[in-house]
Amino acid sequence: MSAMDDSGRTQSAVNDKVLELRAVADELRELDDHRVALGDRLVDLEHWFRRVGCAELSDHALDVFVSRYVGRVFELADGMRE
């Protein structure tokens, strides 16, 4: 096997990994967009329940938002600092 063959295989492997990286980045972007949309829905629900006088349900929606949505954002931020 020649050095040229090894170089070609390496370049092919790099190209494959570039495509994989792009696919993962696109998937993460889609997940992030979905997470933002869910957060918006939780905020809308919390406001709606508060406006109609359902304090307990408003608090529950806020708790879900903070624990699941904001809490996860903080976890991710902490992981990026390490």
Side-chain angles (χ1 to χ4, degrees):
M1 215 174 255
S2 70
M4 189 70 105
D5 290 340
D6 288 341
S7 175
R9 276 197 313 229
T10 300
Q11 186 59 45
S12 177
V14 168
N15 290 340
D16 290 346
K17 291 299 181 182
V18 167
L19 293 174
E20 183 179 353
L21 174 60
R22 288 179 181 160
V24 169
D26 288 344
E27 188 174 344
L28 282 171
R29 193 178 301 84
E30 289 174 19
L31 286 171
D32 186 53
D33 290 347
H34 186 66
R35 177 177 288 279
V36 169
L38 289 173
D40 287 343
R41 289 173 57 195
L42 279 169
V43 169
D44 288 345
L45 286 167
E46 188 276 328
H47 289 160
W48 189 87
F49 284 127
R50 187 168 19 100
R51 277 194 316 266
V52 298
C54 298
E56 190 173 315
L57 291 170
S58 174
D59 289 346
H60 180 65
L62 183 59
D63 288 344
V64 170
F65 178 80
V66 170
S67 66
R68 295 293 181 172
Y69 189 83
V70 176
R72 184 63 182 137
V73 171
F74 288 144
E75 287 176 17
L76 291 170
D78 286 343
M80 292 178 73
R81 281 193 289 241
E82 294 177 357

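We use all heavy atoms of the structure for the numbers below, so side chains are in, but hydrogens, waters and symmetry mates are not. One is the number of the first residue; the rest follow in order along the sequence.
- With sequence neighbours excluded, the residues that form a side-chain hydrogen bond (donor to acceptor under 3.5 Å, both in side chains) with Glu20 are Lys17.
- A search for side-chain hydrogen bond (donor to acceptor under 3.5 Å, both in side chains) contacts involving Asp16 returns nothing, not counting sequence neighbours.
- Hydrophobic clustering (ILVMFWY, side-chain heavy atoms < 4.5 Å, transitive): Leu21 and Leu19 are in distinct clusters.
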Side-chain donor-acceptor pairs of residues 30-46 under 3.5 Å, sequence neighbours excluded:
from: Glu46; atom 1: OE1; to: Arg50; atom 2: NH2; distance (Å): 3.3
from: Glu46; atom 1: OE2; to: Arg50; atom 2: NE; distance (Å): 3.2
from: Glu46; atom 1: OE2; to: Ser58; atom 2: OG; distance (Å): 2.8

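- Val14 belongs to a hydrophobic cluster whose remaining members, ordered by chain and number, are Val18; membership requires side-chain heavy atoms of ILVMFWY residues under 4.5 Å apart, directly or through intermediates.
- Residues passing the side-chain hydrogen bond (donor to acceptor under 3.5 Å, both in side chains) test with Gln11 are Asn15, sequence neighbours excluded.
- Residue pairs meeting the ring-ring contact (aromatic ring centres under 6.0 Å, His included) criterion with at least one member in residues 41-65, sequence neighbours excluded: Phe65-Tyr69.
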